[in-house]
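Shown next, in structure tokens, is the structure this report addresses.
Just so it is clear, the structure is predicted and the values come from calculations on it, not from any experiment.
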Amino acid sequence: MHYTPESNFLCLLGESGTGKTTLMIQLIKHLLKRLHTHVFYYFCDFNSHLCNERNILIQMILSLADFTLHDASVDELEKLNFDALIARFNDFLDGATKRDKLSVFVIDAVNIMNLHPSDLSSKPFKWLPTSQTYSSNTKFVFSSTFDEGCLSMFSHHNSSVVELQGFDETHAQLFIKEYFSKFSKSLSGDQLQRLLSKSSSYNILWLNLVCDELRLFGTFELLDNFINSIPADISKFLFNILQRIFSEDSSNSMKQMLLIVALSARGIPEIFVNDIIQRIIPNFSQMELAHARRQIKHLVIQFKPAAHQLVRVRLRHQHIIKACQDVLAKENEVRSKIHFEISSYFMDNISSLNTRYLAEILPEHLIGCKRYKDLIFILKKSELSSHISAPLKSRYLQHVRCKQIIHTKFHNFTALYLCVFCQRRVDVKTGYLVSDVCPICQGYVHFKRAQQEAKLCQKHSTNIHFQTCYLCNFKRQQAVSLYICNWCYKGMTFCVALVH
């Protein structure tokens with residue numbers, strides 16, 4: 001461990017489950033009590049498509065804009081290349097520091113962000129200049145496992161590093177005693193030592209799950225055998241917990257409820273869970289529902305993304321998410337059914353629900369049940385499309401794009417053009433010129449290169465007359481080519497048609 005108060009960068013290192021996120025939450029609560037302090041928090045969820053440097057940088061700029069009363073919008077920032085975003089971020093940051101305002105940027109689980117590299121940034125953490133660039137009023141706090149890429153970045157920026165080891169034996173023993181004393185229970189000295197002899201007893205998540213299991217599902221007269229059977233490996237332990245829950249689940253209700261939460265990566269509002277479970281299992285009583293919720297209570301957490309938003313439910317740790325995915329990997333039919341019911345519930349109530357939340361979660365559920373026609377409508381024609389960034393639209397639309405590769409030397413394609421009138425039109429949704437809008441994701445086209453010209457394969461070009469404009473169907477006059485953006489290009493030219 002080395003810590004210097006003058007450093008702009010603080011890194012919390014530790015294995016999964018050693019309390020990094022918990023410590024960060026306490027830090028944020030403390031900072032929010034201070035006046036004239038800007039706090040930005042981002043958790044890198046490995047289920048999310050938004051965990052890339054470009055998106056995090058945009059979110060940081062938007063939060064700074066709110067704090068410093070600058071003007072900034074997602075549409076405007078999407079048009080900027082990566083270097084321009086860095087410059088904009090530093091400009092806004094200078095505005096905050098000149099007013100003697102403290103800015104703290106807390107980014108949790110940055111090791112997961114390496115699984116989602118930005119298409120426009122090949123070097124991890126390229127957007128972080130050296131610590132000498134920032135004033136003493138700017139602080140970055142990161143958490144990470146012992147990932148080589150993250151360690152090299154922290155070393156390059158002269159970060160203060162705090163390594164979290166979890167509990168030592170004394171604190172683990174104290175944690176167990178305090179936990180069971182809340183329920184007027186206790187372990188014998190021998191049982192306590194057996195539990196502490198496990199190699200994962202230092203891990204806070206493992207110890208918390210073990211205590212939950214012993215309290216809720218252990219018969220105290222048979223605890224010796226139960227403690228001996230507990231695996232030290234947290235993944236195996238979670239697998240055993242899930243297998244036990246499902247074996248006791250005669251109605252499949254707990255499996256369904258766990259899948260609902262597991263398949264909602266961004267969390268699902270608690271008030272919707274009851275309605276959705278009733279759609280999946282008709283005539284499911286409130287008593288059975290309460291029992292199912294109790295059984296999985298120690299695997300989920302409740303959180304509120306913002307003061308004005310509903311309380312959501314999600315699985316409490318990445319280890320639990322992965323364990324659920326592994327156990328339920330073969331339940332394809334059940335997964336598809338749940339995706340269908342969740343998407344149907346939200347589609348039926350689309351006018352009364354928060355549009356920003358729907359934009360976050362609805363496309364993933366539509367993809368999960370292969371409702372591609374509805375997916376295209378949501379991404380290209382509905383009000384929700386304005387709340388979904390172009391990179392994310394591009395990722396979603398990969399599922400419905402024609403897979404035909406365009407070979408220019410064989411001339412097995414039809415190029416798309418705009419007439420002299422259409423190329424000067426302004427796209428209503430984006431505010432860009434139509435000639436600068438990607439025909440697939442409606443994102444801004446930064447580079448108009450020959451290989452990024454929009455083309456249709458022979459199968460999908462039958463309805464496009466070669467001599468007419470792609471949009472208005474009039475004959476071309478002084479025609480210009482239509483191009484696709486970097487997100488949709490992906491280094492290879494595919495047909496731009498969407499199929500469903």
Side-chain angles (χ1 to χ4, degrees), residues 49-52 54-55 78-79 81-82 115-122 332 336 363-364 366-381 385 388-419 422-423 427 430 432-473 476 479-500:
H49 297 302
L50 301 176
C51 291
N52 59 67
R54 181 181 175 85
N55 180 69
E78 287 288 355
K79 295 170 65 174
N81 60 33
F82 201 76
L115 299 178
H116 298 270
S118 169
D119 293 341
L120 301 181
S121 172
S122 58
N332 292 329
S336 180
E364 293 181 1
L366 292 173
I367 292 169
C369 60
K370 299 182 179 180
R371 295 177 64 176
Y372 295 139
K373 188 174 181 179
D374 290 327
L375 177 69
I376 295 172
F377 170 77
I378 290 295
L379 296 180
K380 296 182 76 72
K381 298 179 181 179
S385 63
I388 306 174
S389 66
L392 198 53
K393 283 184 188 177
S394 179
R395 288 180 186 271
Y396 290 146
L397 290 171
Q398 294 301 318
H399 296 274
V400 292
R401 281 188 63 181
C402 174
K403 301 299 188 290
Q404 178 64 49
I405 299 175
I406 301 296
H407 298 285
T408 53
K409 64 180 181 179
F410 297 134
H411 298 284
N412 62 337
F413 64 89
T414 297
L416 300 185
Y417 295 93
L418 292 174
C419 67
C422 288
Q423 64 184 278
D427 184 78
T430 62
Y432 311 146
L433 287 175
V434 171
S435 56
D436 294 334
V437 175
C438 174
I440 299 173
C441 68
Q442 297 168 332
Y444 186 78
V445 179
H446 292 89
F447 307 105
K448 295 182 179 181
R449 296 173 289 201
Q451 61 268 35
Q452 289 182 220
E453 288 184 352
K455 300 178 178 71
L456 292 172
C457 65
Q458 288 180 331
K459 178 180 178 181
H460 295 107
S461 60
T462 53
N463 295 325
I464 305 293
H465 193 276
F466 187 72
Q467 298 297 322
T468 58
C469 170
Y470 172 63
L471 293 181
C472 68
N473 290 327
R476 295 183 286 117
V480 296
S481 297
L482 201 56
Y483 295 86
I484 60 176
C485 65
N486 287 350
W487 305 100
C488 296
Y489 174 54
K490 301 293 185 184
M492 190 173 292
T493 305
F494 286 92
C495 172
V496 300
L498 302 180
V499 293
H500 51 81

List the steps, then state whether side-chain contact (heavy atoms from CB on, under 4.5 Å) holds for Gln404 with Lys459. CA-CA 9 Å; Gln404 178 64 49; Lys459 178 180 178 181; over 6 Å; no
Could you walk me through whether Ile440 and Gln398 pass side-chain contact (heavy atoms from CB on, under 4.5 Å), step by step? CA-CA 10 Å; Ile440 299 173; Gln398 294 301 318; over 6 Å; no
Test side-chain contact (heavy atoms from CB on, under 4.5 Å) applied to Tyr417 and Ser481, step by step: CA-CA 5 Å; Tyr417 295 93; Ser481 297; 3.5 Å; yes
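Within the model, atoms CG of Asp374 and CG of Leu366 stand 6.0 Å from one another, a figure rounded to the nearest 0.5 Å. Rounded to the nearest 0.5 Å, atoms CZ (Arg401) and SG (Cys488) are 5.5 Å apart. Atom CG of Leu397 and atom CD of Gln442 lie 9.0 Å apart (nearest 0.5 Å). The OG atom of Ser435 sits 10.0 Å away from atom OH of Tyr483, with the distance rounded to the nearest 0.5 Å.
Applying the side-chain contact (heavy atoms from CB on, under 4.5 Å) rule to Tyr489 yields the partners Gln451, Gln452, Ile484, Thr493; only residues at least two apart in sequence or on another chain are considered. A search for ring pair (Phe, Tyr, Trp, His ring centres under 6.0 Å) contacts involving Tyr444 returns Tyr432, His446, not counting sequence neighbours. Taking the side-chain contact (heavy atoms from CB on, under 4.5 Å) definition, one finds that Ser336 meets it with Cys369, sequence neighbours left out. Annotation: side chain to side chain donor-acceptor pair (under 3.5 Å) contacts of Lys448 (sequence neighbours excluded): Asp436.
You'll find the side chain of His460 reaches within 4.5 Å of the side chain of Cys402, heavy atoms only.
When all heavy atoms of Tyr396 and Leu379 are compared, the closest pair comes out as CB-CD1, 3.6 Å. In this structure, His399 and Tyr372 approach most closely via the heavy-atom pair CB-CE2, 4.0 Å. Scanning both residues, Cys485 and Cys441, for their nearest heavy atoms gives SG-SG, 3.4 Å. When all heavy atoms are compared, the tightest approach of Phe413 to Gln458 is N-CG, 4.4 Å. Of all heavy-atom pairs spanning Ser394 and Trp487, the tightest one is OG-O, 3.1 Å. Nearest heavy-atom pair across Cys495 and Leu456 is SG-CA, 3.8 Å.
The main-chain N or O of Ser385 is found under 3.5 Å from a side-chain atom of Lys393 such that the two form a donor-acceptor pair.
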